[in-house]
Amino acid sequence: MKNRYSQIKNLKRVAFSNTVDSIVSLIIISIGITTLLTLSKWMIFSANWSVVSINLPLFLFGSFPNDQLWRPGLWISLFAIFSLITILGPQWSWLRKSLLLLWISYGPLGVFLLAGGIGLSSVESQNWGGLTLTILLTSCSAIFSLPLGIALALGRQSTLPIVKNLSSIYIDVMRSIPLIAVLFFGQLLIPLFLPVGLEIDRVSRAIIAFTLFVSAYIAEDVRGGLQSISRTQKEAGEVLGLHPFQITCLIILPQALRVALPSLTNQAVGLLQNTSLMAILGLVELLGVGRSVLANPEFIGRYIEVYLLLAAIYWILGTLMALIARHLEQQLTLEKKDL
Amino acid sequence: MRRIFTGILTFSMLLTGCVNSSVGTQSRLELIKRRDSLICGVSGKIPGFSFLNRNGTYQGLDVDICKAFAAAFLGSSQKVQFRPLTAPERFTAIRTGEIDLLSRNTTFNLSRDSSKGNGLIFAPIIFHDGQGLMVRKSRKINNIEELAQKSICVGSGTTTEQNINDAFESKSLPYTPIKYQDLNQVVAGYLQGRCAAMTSDRSQLAAAKSGFKNPKAHIILDDVLSKEPLAPAAAEGDQLLSDAMRWVVFALFTAEEKGITQSNINEKLEIARSNPQMKPLRRFLGIEGDLGEKLGIPNDFVVKVITSTGNYGEIYNRHLGPNSKVPIPRGLNKIYTEGGLHFAPPFN
Amino acid sequence: MKISYNAIAQLLIALLVIFVICILINNLTLNLIKTGLGFSFAWLFRPASFALAEHPLPYSPSDSYAWALFIGWLNSLKVIFYSLLLATLIGTCVGLFRVGKNALLRIVSAGYIAIIRQTPLLLQLMFWYFVAILGIKETITSPIGDLLSISNQGTNFLGIKLSAEFTSLLIGLSVFTSAYIAEVVRGGINSVQKGQWESFRSLGLRESTGLYKIIIPQALPAILPGLTSQYLNLAKNSTLAIAVGYSDIYAINDTIINQTGRPIEGFIILLLSFLFLNLLISNGMELLNSMITKSNNP
């Protein structure tokens, strides 16, 4: 009882301390309740969720062959399992240490599971779609753009004028172009820049375009991290007689990356959201499936349900990614303390 | 520096030489056979023509035409891959060779056919369409003149957009075009009341309307703004592929004309085999003569096509017939013997 | 010895880059010849033959493609400018709520930021347009007469008519960017030493006065760079206008590419117009920055 009383008192202190505050709080509460009521009323009585329930496999796996659905299914479940392990914080230290490796191998594993090879029948990339394709685009682009971004950041810090200028030009130009233009380049123009007879499929072209774009942003984040490392670190390395290459890779970069991790996480979440732009350019990733489903004569006009579902999926994924990154960050700092 | 530059130039010229000599003038048809798979560009977002059904496969008239090509070229309608393409992508995709052919609701017109235009070569028209306007009954609009000063929802970057402009401009009627990227957005904009009317090919209007909650509340105006003959297309300059495409479509028409269907094809085949005097039928089904070989495809391509997709009428009825989800009256799309426009030259 | 090693390395890298560029250009030329596309900008002066719903300057379908592109660029500029103002306004408010005293406001603004930042902008825009704006069945008028009225045909604000497409793009972009600006503002305010708050409170200044007179001027130098990059992001994000039917530079370019079949030329035009836009915004912000630093240190 006393506890309840102190809660009320606390509430009064934080939200109703004076007249203006009280009015504002009341308005917020009433708006919140009305919105919730309207939304839940709509979701239960007016919405027709058959568009979601019937097309659920489509939203998850796109047009992957029906007898092979276990492959994308396994891959997405692995995402959930990995996330759980990361967030719950494993008890076993060997697993904790390999978490980063686990996540890095997640993308290549997906490519193997989806594309096939070594014992799995091959599935062409135009059959990939839905959530599977969204996660694939995100994880593969992230894996490729991180090293490229680091290289560009180091290039921009380099003492060699040509390297420095080339990196700077690349980063600045790429950062001034809208993503959709880069993706447009990837889908429509890359084929024109390839020698006759050589073809790159559309999913790979999308990954190339995302990599080119995101790496410029990562480069700037990493550069911020690099600048935060004090010169003494470098000097310490020199005193130890390390090669400049060793100093960069073993001393400077790990620290810089740790500093840059929060902004790198933001880039990753941004990347996930931006994969939705591929719907404009004709890939059937999550939003693309949504738009295709809405063209099915059975489901014309059911767009609110579809948008809500997609928003929920993206939100959950994005939040999950942010959580995972935070836990990875904590574990990395833990290891540092262990040392 | 200059010397380096000249060096690079020479090298790239050498490269050019190599590539040029290795390309040759090979037909796409050979490539399709070697790959044992046909890559077909579709829209993927047009009800009745090509859309993703709930099993995750593409379905529709345009899709079945692709399947017919695959059956003819490769012996199986399963040997086809579909690439959903946006409107601006389609022509680049075909010119860079990313797809073998286009079956994407594409209007056959001079600019697209000519080598200084989009540089396509069209197969026979598989669907005669015309652009129309759909309005709400409650708006009491009966013709295009009454749409003056109103907003009209239209898909951007298509012939539709140019036609609507031509129609209004020629009558000096002002209007506001609200442009969307694809048909389901046009539908959404119209349904939500952004525009007084939506415009598209009449088949697409009918398709959209059939999916509305209350189809009776909307009418398609009698005004036909343009001819929209839709045809499959390949890249220009590939005689072998375009000939083969042309005669596969003609085979679909001829089969309907001769009453050969998916269900009676084996029967017909038996009759043709046992009656040597039925020359035209025997030639058509590839029992005698070398019509298929002349095209560079198997002699029995017609049998393969009809077994897997049925004749033109069957394809039409499956996707656009009275019992389908998107019923569109056949009108001009009947075979010529029934008063329509679909006519095939003889298989001689 | 070391210098010459570096010089060789640089030369090699430069050569490699030139080499790759040469190969790409060579391939492009080959492909353009093979596909018969060619490369020319002559089409820019042919009539566009498509109508535009919104044009700040006179435009008719018989005007040239070049003029249509310029109109598109102006349309982009227009939506960027207004979104920039609105986003700053909302973002500052949310950012201040986020560090303010009212806990409920703090929670609500944190929730707002979390929801907005974790869903794709494209989806948000489609929501604002197809669901929120077009979903309005009757005209909503603000309590104060003609100040503001919204219907699914557009907005009437102080007698200025804005289309539904513009309105939803404006709201969508502003709301999305405001969540990022709020974080920038919060970071800036948090960068001001805690002692500053205590000192003005001990002087007996009102919370709001102290905020505007003491805290914000000190937080501004930390806020401005973050703000500039958010403004640049907003400009780039405005290209998603194509999803809600607003005729911005990207949408018009897309239409033109489809009509003319010239993706390379269209892409180059798009790049140039964006480089120019970026210059405009970053120079404008630099001007603002120098004005603020001047007024801070007279």
Side-chain angles (χ1 to χ4, degrees), chain B residues 1 4-5 7-9 11-16 19-20 23 86-92 94-97 111-112 115-120 151-154 156-159 161-162 164-166 168-169 174-181 185-186 188-195 235-237, chain C residues 11 14-15 18-19 21-27 29-38 48-54 60-62 126 129-131 133-137 151-154 163-165 168 242-247 251-264 266:
Chain B
M1 197 60 206
I4 294 166
F5 194 67
I8 290 165
L9 262 184
F11 186 83
S12 49
M13 274 171 186
L14 271 175
L15 217 75
T16 320
V19 172
N20 267 349
V23 176
T86 60
E89 260 182 313
R90 55 184 163 177
F91 302 126
T92 327
I94 199 153
R95 289 181 105 168
T96 55
S111 309
R112 288 174 176 174
S115 45
K116 295 220 165 123
N118 290 105
L120 299 178
S151 311
I152 294 176
C153 289
V154 56
S156 71
T158 54
T159 50
E161 190 185 346
Q162 284 171 306
I164 187 83
N165 189 54
D166 292 349
F168 277 88
E169 238 188 4
Y175 75 107
T176 312
I178 308 294
K179 302 182 198 177
Y180 301 103
Q181 228 207 339
Q185 289 177 305
V186 176
Y190 168 73
L191 275 184
Q192 289 283 53
R194 175 65 181 97
C195 316
E236 198 172 65
Chain C
L11 194 69
L15 277 180
I18 294 173
F19 180 65
I21 290 174
C22 279
I23 288 188
L24 290 181
I25 291 179
N26 178 52
N27 285 338
T29 332
L30 267 181
N31 278 315
L32 289 180
I33 293 168
K34 186 182 76 102
T35 55
L37 278 166
S49 73
F50 55 77
L52 291 175
E54 279 172 77
S60 83
S62 41
M126 283 156 77
Y129 183 63
F130 287 109
V131 182
I133 299 284
L134 293 192
I136 301 172
K137 291 299 171 223
S151 75
N152 66 1
Q153 296 302 305
S163 71
E165 290 73 32
S168 43
I242 191 169
V244 295
Y246 181 71
S247 301
I252 290 182
N253 205 29
D254 199 61
T255 305
I256 292 179
I257 288 172
N258 197 14
Q259 277 188 13
T260 57
R262 295 192 171 276
I264 300 266

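By convention in this document, chain letters (A, B, ...) are assigned in the order of the sequence lines, proteins followed by strands, and residues within each chain are numbered from 1. A quick note: this is a predicted structure, and the numbers were derived from the prediction, not measured.
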## Note on the structure
In terms of heavy-atom contacts, C:A53 and B:P177 come closest through CB-O, 3.1 Å
### Task
Considering only heavy atoms and a distance below 4.5 Å, find which of B:I94, B:N165, B:V154 pairs most often with chain C.
B:N165
### Message
To the closest 0.5 Å, what do you measure between CZ (B:F91) and CD1 (C:I257)?
### Response
13.0 Å
#### Entry: Portion of C:I252 that has a non-hydrogen atom of chain B nearer than 4.5 angstrom
neither
### Message
Tell me which of these, C:I25, C:I133, C:D254, has more heavy-atom pairs under 4.5 Å with chain B than the rest.
### Response
C:D254
### Task
Using a cut-off of under 4.5 Å on heavy-atom pairs, state which of B:A235, B:G193, B:S111, B:S156 scores highest against chain C.
B:G193
### Query
Taking B:K179 for the side chain and C:A51 for the main chain, is one N or O donor matched with an acceptor at less than 3.5 Å?
yes
#### Entry: Close side-chain approach of C:Y129 and B:R194, heavy atoms under 4.5 Å
yes
#### Entry: Spacing of CG belonging to B:N118 relative to CG belonging to C:N258, to within rounding of 0.5 Å
8.0 Å
### Query
Using non-hydrogen atoms only, which part of B:F168 is less than 4.5 Å away from chain C: side chain, backbone, both, or neither?
neither
### Query
Counting heavy-atom pairs under 4.5 Å to chain C, which of B:E89, B:Q181, B:Q185 comes out on top?
B:Q185
### Task
Over all heavy atoms of both residues, which pair between B:G189 and C:F130 is shortest? Give the atoms and the distance, please.
N-CE2, 3.8 Å
### side chain to side chain contact (heavy atoms under 4.5 Å, CB included) partners of C:S49, counting only residues at least two apart
B:Q162, C:Q259
### Message
For B:T86, which atoms come within 4.5 Å of any heavy atom of chain C: side chain, backbone, both, or neither?
### Response
neither
## Note on the structure
Residues at least two apart in sequence or cross-chain that pass side chain to side chain contact (heavy atoms under 4.5 Å, CB included) with C:N152, listed by chain then number, are C:L134
